[in-house]
Amino acid sequence: MSLQSPVSSFTDLQLPESLLAAVLDLGFTVPSQIQIAAIPPLLAGRDITGVAQTGTGKTAAFGLPLLAKVDPALAAVQALVLTPTRELAMQVADAVASFATHLGDVNVVAVYGGSPYGPQIHALKAGAQVVVGTPGRVMDHLEKGTLTLADVKFLVLDEADEMLRMGFAEDVDTIFGQAPKQRQVALFSATMPPGIRRVAQQHLSDPVEIAVDRQSSTVTSVTQQYAIVPFKHKTGALVRVLATSDAEAAIVFCRTRSAAEEVGAVLVARGISAATISGDVAQKDREKIVERLRSGSLDVLVATDVAARGLDVDRIGLVVNFDLPTEAEAYVHRIGRTGRAGRTGTAVSFVAPHERSKLRHIERTIKTSLVEMAVPSPADVSAHRARALLGRVDARLAAGRLNLYDGLVAQYLAEHELDPAAVLAAVVALGVGDEGPSPRRDAELAEHEELTAAQRAPRRPARDDVDRPAHDSRRRVSADRDASRRPTTSRTAGRIRDDEGPVKKGRTPHRGPVGTRYRVAVGFNTGAEPRGIVGALTNEGGLRGADIGKIDMFPSFSLVDISASMDSAQVDRISRARVGGKPLRIRVDEGPRQHRDAR
Ligand code: ADP
Ligand code: MG
């Protein structure tokens, strides 16, 4: 984060030593704008309102002064932070606890709905000084008498606009009514609509009003680009954007749940470590997925706006807007998922040719121009992978134990009269999955040329993208996927997997030597399990277990590899078979329907 203010370090902010030490432990060197503006008045006992976007460092802006006011020797709740969601309550509680590591015995407890009371009550009884919670659950604890606010001297409303949007206004009023009159309040919000002003007038006294402009918040640490991509080319473009990114992890945003699920399915089918979360993924599963993303066992998250709220994962270096959001506000939220923790990030937005005006609207609102980029070509992908592969050579040499290969290479060179550099080039090509001229490669190149032509012709009639019969472009996606189903490179640079060379293409829809990917209309949200699907395929369909390959399950559908050919009577019987009460309705998977869903 860059800043022009004279304050350039945390030591200028008059924070107690113990808090400074914690901040240094966390690797924060330069305070963010909102921290510079909010910490001194809060330490001086003033109320504040802070308008700032996500990713600007609000948690430390209130968390540090809040802890400076807490008396570790007093076993009573002295500070209360209200957040709109359970996820945020947990995040903020974790962050505040991390600031408190040098303070002696300060306990931070998170309370939120959808989780049993027992452990929360136990933690409150054990003597919490700081409580972070959602308004609903805080109310419940107040009513049960398991939480009292008599000793509270510091109240925070985090993401107040979101809290009002979720209908918590009355709860907030009640909670404030139960806190002592002598108290300090900090209110943070991304926007300041009249509803929030009313809350501020009612509950804050003579607040210092702070606003951090968008320009200098998240947005400066994020490089913002866009590419003109007709709907039918979006999936291919996405795969290549991911394959040429150096980001550790990425989030892909889709407008609808079904588009998100289908894009996620395509990425998984291409060997990318991806998962989908949409609004109706159970909280427990959502947390698991977020944890996998954080720990590095997952590289790409496909999400809808609702599902990604409050998501804070430092590894995310790339945000792709597969669908352009309708609201500029949503755009800012989305790209705020990258460039976190003082890191830099990249945001790439796919803009369909007829969406240019929507792009201009976003640019005007955020007062920033996005830079046009070309979608990477298949050759760009290979070059990127080759560079990543070569980038690991030094370390591999240093690691040693290459004698096995030394012998083989020496023998090969002795038997063939070839330039070692040419041999190395061929090995690298194989290593990155470039098998040379082939029908698959040619199809990829032709597709890319079509995309490039579309980018060069801004005034293409819209019907080219919108009115083309759906299956026409979907068949292309499907054929393309079949051809590239073999293991491909993980999207992160530097993690190249073996490439097994050319694979025969399963072009015929119902038969194919490597099997065909089918889609069935049941998923884990409809009560299906893999063995139920296998059961229906073998019992009703008469398939052998060996005919059934990988099954990828999604909330509302599943993808199944089947290597046997089926006649229409079999397909019919399987379609009518039920798993978890729902018919399978099996069909050849034809890739995402984003050009239908996105409208
Ligand atoms: P907000 O609540 O405004 O969305 P957070 O408080 O969640 O933002 O902070 C966003 C990220 O930035 C977190 O990962 C946090 O650890 C990190 N961060 C906050 N302040 C600093 C700082 N001064 N230097 C480096 N990283 C910071
Ligand atoms: Mg926050």
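Source: prediction; values computed, not measured. Index from 1, following the sequence. Whatever order the structure lists ligands and atoms in, that order sets their numbers, starting from 1.
Short contacts between ligand 1 and Thr56, defined as distances under 4.0 Å to a heavy atom of the residue, involve ligand atoms 1 (P), 3 (O), 8 (O). Applying the 4.0 Å criterion to heavy atoms of Gln53 picks out, from ligand 1, the atoms 3 (O).
For Glu291 and Arg286, the salt-bridge test fails: no basic side-chain N is under 4.0 Å from an acidic carboxylate O. A salt bridge does not link Lys58 with Glu159: every distance from a Lys NZ or Arg NE/NH1/NH2 to an Asp or Glu carboxylate oxygen is 4.0 Å or more. One finds no salt bridge joining Glu363 and Arg360 here, because no Lys/Arg side-chain nitrogen approaches an Asp/Glu carboxylate oxygen to under 4.0 Å.
In Phe99, neither the side chain nor the backbone holds a heavy atom less than 4.0 Å from any atom of ligand 1.
Contact annotation: Phe188 has no heavy atom less than 4.0 Å from any atom of ligand 1.
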Check: residues 100-112 side-chain donor-acceptor pairs under 3.5 Å, at least two apart:
residue, atom, partner, partner atom, Å
Thr101, OG1, Ser98, O, 3.3
His102, NE2, Asp25, OD2, 2.6
Asn107, ND2, Gly127, O, 3.1

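Every pair passing ring-ring contact (aromatic ring centres under 6.0 Å, His included) that includes a residue from residues 155-199 is listed here, sequence neighbours excluded: Phe62-Phe188, Phe176-His203.
When only interatomic distances are considered, the shortest N/O to N/O separation between Pro31 and ligand 1 does not fall below 3.5 Å.
The closest non-hydrogen atom to atom 21 (C) of ligand 1, taken over Phe28, Phe10, Phe62, comes from Phe28.
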